[in-house]
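Every chain is numbered from 1 and lettered A, B, ... according to where its sequence line falls, protein lines coming before strand lines.
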Number of protein chains: 2
Amino acid sequence: MTKHPTRRDLLDAALRLFARDGYDATSTRAIAAEAETNISSIAYHFGGKEGLRLACADAVAQVIGQVARALPAGPAALDRLAARRILRRLVRRIVTFLTVTPAASGIVGFLLRELAQPDSPVLDRLYDTLVAPRHAALCRLWAAATGAAPDSEDTRLAVFALIGQVAYFRLAAPIVQRRMGWDGYARREARAISRRLIVNLDAMLAAADG
Amino acid sequence: MTKHPTRRDLLDAALRLFARDGYDATSTRAIAAEAETNISSIAYHFGGKEGLRLACADAVAQVIGQVARALPAGPAALDRLAARRILRRLVRRIVTFLTVTPAASGIVGFLLRELAQPDSPVLDRLYDTLVAPRHAALCRLWAAATGAAPDSEDTRLAVFALIGQVAYFRLAAPIVQRRMGWDGYARREARAISRRLIVNLDAMLAAADG
DNA sequence: GTCTATAAACAGATAGAC
DNA sequence: GTCTATCTGTTTATAGAC
């Protein structure tokens, strides 16, 4: 055995299996086998299956944070055109990440499964450190791009709708790919999705101009 | 005990629990308890846990079929305005169903969990009887409303994007409601979501007019 | 740090009384 | 049809050798 089973291997394996099959459907035996180590190493490194789940949540939050780093953090004033440019870049960036990045399937699959579960023990952590600040930043960007109030109900809903149409392509990937006749997501498919979502974004922005 | 435990009770309980916690995380004991009957009645009525899952899939397909019944089945020619009217009605109808119908949470939750699982044994059935024909009908409607080709790649993607932004509000309901400061979805919330999604739909349609 | 072996709880399925 | 009781396999966690 030339390769040492490590903490990192377990984390990668767990993220992949949690995303594909769900937390409960994934046994620690399967994770250990995928990581090519033994079961008890999970308890050693993470304290147990639940600890591994929380570690996955932290890893996911970190990666998503990187992808969304194009978002301006502060409430700096942006003119309309600059804000719209950033929004378009973000949509393209997120679609590319969701489709062609190899680890994206696991990361987003894990995230969406946890978010769909109202009483998930990792939801609080993910919401406070990831969802709330990023969504607020997107709302400020949307407000700058459209002239709407950043805290208005409609602004927040518009941002959720924007996120929703992007996220759906990863969430419902099996049926999307089947219906499109695609074997998976690669560069060409990412471009086709990106193009349509940018059209939609521009249409929503144009509608805001009255 | 005035109420007889029945097949229907088991189906309702299973749908609710499968949607909330996922298939694997739901034990037959929990289903039986929720239905106020005993475990072995699952085997009696459905042959086992997997049979109950398939029965849930059939029930879901039937209800969704009812909600989408406003969709024209045939390839009858529609003028632009009529097609757009139907599209708007559908969006409102689906949002209302997703938010205020009590059973919607269970039905959609179950559906989305199954669709997210590439190798789910019920995916094939749901895809053939529900997803593919409804998506195709929506594509024809979209084509009639915009002048695009009903089978073009972009038309199919546009329809998925449209579905995605609606579905997201049910899928990510926990974070949406937390961020919006909502206690749940009721009439007022459904109207707010509907209003934004109709704005987006009209914007997308307007963009198609060049 | 990594392993084997095992404990204690839990799963789904089923036999058989009524 | 509905129930109790139980079988058989699997789960997570852990004790302890190395």
Side-chain angles (χ1 to χ4, degrees), chain A residues 1-59 106 110 113-114 117 119-123, chain B residues 1-59 106 109-110 113-114 117 119-123 125:
Chain A
M1 201 184 297
T2 72
K3 180 175 139 192
H4 272 247
T6 65
R7 196 190 135 93
R8 184 75 215 170
D9 290 330
L10 280 171
L11 203 61
D12 289 344
L15 198 52
R16 206 162 342 134
L17 295 180
F18 286 162
R20 198 189 61 188
D21 304 326
Y23 176 77
D24 296 281
T26 305
S27 71
T28 52
R29 280 170 174 78
I31 297 169
E34 180 89 0
E36 294 178 49
T37 178
N38 62 345
I39 318 169
S40 52
S41 61
I42 293 172
Y44 178 79
H45 286 287
F46 301 97
K49 192 187 182 185
E50 196 63 30
L52 186 47
R53 181 189 209 168
L54 293 173
C56 284
D58 288 338
F110 177 87
R113 278 184 186 275
E114 293 289 346
Q117 220 150 24
D119 301 322
S120 161
V122 301
L123 181 64
Chain B
M1 202 184 297
T2 74
K3 180 175 142 196
H4 271 248
T6 65
R7 194 190 136 93
R8 185 73 217 171
D9 289 330
L10 279 171
L11 203 61
D12 289 345
L15 199 51
R16 206 160 344 131
L17 294 181
F18 287 163
R20 199 190 61 188
D21 303 326
Y23 176 78
D24 297 281
T26 305
S27 70
T28 52
R29 281 168 174 81
I31 297 169
E34 179 89 0
E36 295 178 48
T37 179
N38 61 346
I39 318 171
S40 51
S41 62
I42 294 173
Y44 179 80
H45 286 288
F46 301 97
K49 192 187 183 184
E50 195 65 27
L52 186 46
R53 181 190 209 168
L54 292 173
C56 284
D58 289 338
F110 177 87
R113 278 183 185 277
E114 293 289 346
Q117 219 150 23
D119 301 322
S120 160
V122 301
L123 182 63
R125 188 187 302 215

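How far CG of Leu10(B) is from NE2 of His45(B): 6.5 Å, rounded to the nearest 0.5 Å. Distance CG/Leu11(B) to CZ/Arg16(B): 10.5 Å, rounded to 0.5 Å. Expressed to the nearest 0.5 Å, how far CG of Asp12(A) lies from SG of Cys56(A) amounts to 9.0 Å.
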For nucleotides 4-9 of chain D, tabulate all protein N/O to nucleotide N/O atom pairs closer than 3.5 Å, reporting atom names and distance.
{"unit_1": "dT4(D)", "atom_1": "O4", "unit_2": "Ser40(B)", "atom_2": "OG", "d": "3.3"}

Secondary-structure notation, DNA chain C, from Watson-Crick and G-U pairs under 3.5 angstrom (| other strand): ||||||||||.|||||||
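Close to dC3(C), at under 4.0 Å from its OP1 or OP2, lies a side-chain N or O of Thr37(A).
Whole-Å rounding puts the Tyr44(A) OH to dC18(D) P distance at 19 Å. If you measure from atom NZ of Lys49(A) to atom C1' of dT10(D), you get 12 Å, rounded to the nearest angstrom. For Arg7(A) and dG1(C), the CZ to C1' distance is 14 Å, given to the nearest whole Å. Taking atom CD1 of Ile31(A) as the reference point, atom C1' of dA13(D) lies 14 Å away to the nearest angstrom.
Side chain of Ser41(B) to main chain of Tyr44(B): no donor-acceptor pair is present (N/O by atom type, distance under 3.5 Å, no hydrogens or angles).
Residue Ser27(A) has its side chain nearest to dT11(D) when only dT11(D), dG1(D), dA13(C) are considered.
When side chains are defined from C-beta on, Tyr23(B) counts as touching Lys49(B), because their heavy atoms get closer than 4.5 Å. Considering only heavy atoms from C-beta on, Arg53(A) comes within 4.5 Å of Val122(A) through its side chain. Side-chain contact between Ile31(B) and Ile42(B): present, with at least one pair of heavy atoms (C-beta onward) separated by less than 4.5 Å.
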